[in-house]
Amino acid sequence: MIKKISVLGSTGSIGKQTLEIVREHPDKFEIVGLAVMKSIDDLEAQINEFKPKIVAVFDEERAKTLINRISGNTQVRWGIKGLIEVATYYETEVVLNSVVGSVGLIPTLEAIKNKKTIALANKETLVAAGDLVMKECKNNDVNMIPVDSEHSAILQCLQGEKSANLDKIILTASGGPFRNWCYDDIKQVTFKDALKHPNWSMGKKISVDSSTLMNKGLEVIEAKWLFDVDVEKIEVVIHPQSIIHSMIELKDGSIIAQLGVPNMKLPIQYALSYPDRIQGEVTKLDFKKFHTLTFEEPDLKRFPCLSLAYEAIRIGGTMPCVLNAANEMLVDYFLKDKVNFYDIPYYIEKAMEKHRPFSYQSVEELLEVEAWVRAWIINELR
Ligand SMILES: NC(=O)c1ccc[n+]([C@@H]2O[C@H](COP(=O)([O-])OP(=O)(O)OC[C@H]3O[C@@H](n4cnc5c(N)ncnc54)[C@H](OP(=O)(O)O)[C@@H]3O)[C@@H](O)[C@H]2O)c1
């Protein structure tokens, strides 16, 4: 049976690798929908190759330009409504969500309500609204399958294990490009330094998040919701070689790990083929080439974003949404050279201090919280 897939964020790092997998397995997967923010040249090439039934370009003007450039039967939509239409298109069976940021939340929720399986790369959705999203999954009997390599590793380690046996989740982190830098040197870094990740080639926002260790903080929150575990049972360990993608510790003390070369195609493919496995094109791990695997404790003084993420999820309610929205905005400012590296945790912490967290019931409440965060940061940085 061919699985019909819609990819949100098809022109990004994860999106392109997803299309590579579909290209390698035409007997297993078919693209029915694609969505992007503004990259219509790349999208046009993808339309010509994969012939999706529906595409969306967030930017309305570019969507209209695209309409004039393509022939064939592909329908073109725009705005958030367009993303929702792609995510809920009647033929779609699996929505692979790889957009950046909490803009992925509403299309994910709508896809869940329409009983689509979710392959989730867009971790910000779970950070901002994990409670709501997982409740919708439960109510609609929908599977949420992680694409993030760490969470894919945990899912693989948990196969066949009773959740009652799980004592701890151990998320591995490469430590990012500044792992060995002192505080004073990190203070001076620019976004160009932050984009030089040692092991992974990724989009700009996640590269900066990896350099601040906020990415690991977001992943702690993501793991809490995906695997329904108390945050105190989620530990982060720095593992610079990125060979062990994460581990679980069971109540008898046994530790199970998932290993592989650092290549996102493996977890993406597992999310698409889950619960089956299919032949992969990735380079296999050769233990003769890896003589040492090392582990360190994260340094929370140099990388305070990780503790802010723990604090936000411990407080709960709307606080993780504040953390995420503030981080999205500050990373954007950092990428535009408007703030320095340590302004990111500084203003996130201030926003969290200002916010009065509450237990939310709806997306609308979260959107209001996000709007407040954005307005507050704009005002602070004026
Ligand atoms: N890259 C990785 O290795 C990796 C690993 C694990 C998890 N993730 C997560 O996966 C997500 C994507 O990361 P990435 O590195 O692939 O990012 P990326 O390379 O920056 O790509 C982002 C994609 O999302 C699209 N997009 C952004 N805003 C959109 C909007 N409002 N509407 C529709 N499309 C929109 C972009 O379109 P345009 O091209 O038009 O801008 C692009 O296709 C993030 O949440 C990240 O944390 C990534």
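Whatever order the structure lists ligands and atoms in, that order sets their numbers, starting from 1. Owing to the predicted nature of the structure, the values given are computational and were not obtained by experimental measurement.
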* Asked: Quick one: does Gly12 get an N or O within less than 3.5 Å of an N or O on ligand 1?
  -> yes
* Does an N or O from Gln17, backbone or side chain, lie closer than 3.5 Å to an N or O of ligand 1? -> no
[X] neighbourhood, listing ligand 1 atoms whose heavy-atom distance to it stays under 4.0 Å:
| X | answer |
| --- | --- |
| Lys38 | 38 (P), 40 (O), 41 (O) |
| Ser10 | 43 (O) |
| Met264 | 3 (O), 5 (C), 6 (C) |
| Ala121 | 7 (C), 8 (N), 9 (C), 10 (O), 45 (O) |
| Ser98 | 11 (C), 12 (C), 22 (C), 23 (C), 24 (O) |
| Val103 | 31 (N) |
| Thr11 | 37 (O), 38 (P), 39 (O), 40 (O), 42 (C), 43 (O) |

Return the closest protein heavy atom for [atom] as residue, atom name and distance.
| atom | result |
| --- | --- |
| atom 16 (O) of ligand 1 | Ile14 N, 3.0 Å |
| atom 8 (N) of ligand 1 | Ile206 CD1, 3.5 Å |
| atom 25 (C) of ligand 1 | Gly9 CA, 3.7 Å |
| atom 15 (O) of ligand 1 | Gly203 N, 2.8 Å |
| atom 7 (C) of ligand 1 | Asp148 OD1, 3.3 Å |
| atom 1 (N) of ligand 1 | Ser13 OG, 3.2 Å |
| atom 44 (C) of ligand 1 | Val99 O, 3.8 Å |
| atom 22 (C) of ligand 1 | Val100 CG2, 3.3 Å |

* Whether Tyr274 and Tyr270 hold their rings parallel, tilted or perpendicular, with breakpoints at 30° and 60° -> perpendicular
* Check the angle between the aromatic planes of Phe295 and His239 and answer parallel, tilted or perpendicular using the 30° and 60° thresholds. => parallel
* When you measure from the centre of the six-membered ring of Tyr333, is the NZ or CZ of Lys338 under 6.0 Å away and within 45° of the axis? -> yes
* Evaluate side-chain hydrogen bond (donor to acceptor under 3.5 Å, both in side chains) for Asn114 paired with Thr88, printing each intermediate quantity in order. => CA-CA 6 Å; Asn114 282 270; Thr88 58; 4.8 Å; no
Does a side-chain N-to-carboxylate-O contact under 4.0 Å join [X] and [Y]?
| X | Y | answer |
| --- | --- | --- |
| Arg314 | Glu311 | no |
| Lys3 | Glu93 | no |
| Lys205 | Glu328 | no |
| Glu353 | Lys350 | yes |
| Glu61 | Lys64 | no |
| Glu20 | Lys16 | no |

Report the part of [X] in contact with ligand 1, treating N, CA, C, O as backbone and CB onward as side chain, heavy atoms under 4.0 Å; options are side chain, backbone, both, neither.
| X | result |
| --- | --- |
| Asp209 | neither |
| Met37 | both |
| Glu124 | side chain |

* Nearest-option assignment for atom 34 (N) of ligand 1, heavy atoms, candidates Leu8, Val36, Ile40 -> Val36
* **Heavy atoms from other residues, nucleotides or ligands near NZ of Lys115 exceed 12 (cutoff 6.0 Å)** => yes
* Asked: Are the ring centres of Phe341 and Phe178 closer than 6.0 Å?
  -> yes
* **Lys116 side-chain N/O to Thr108 backbone N/O, donor-acceptor pair under 3.5 Å** => no
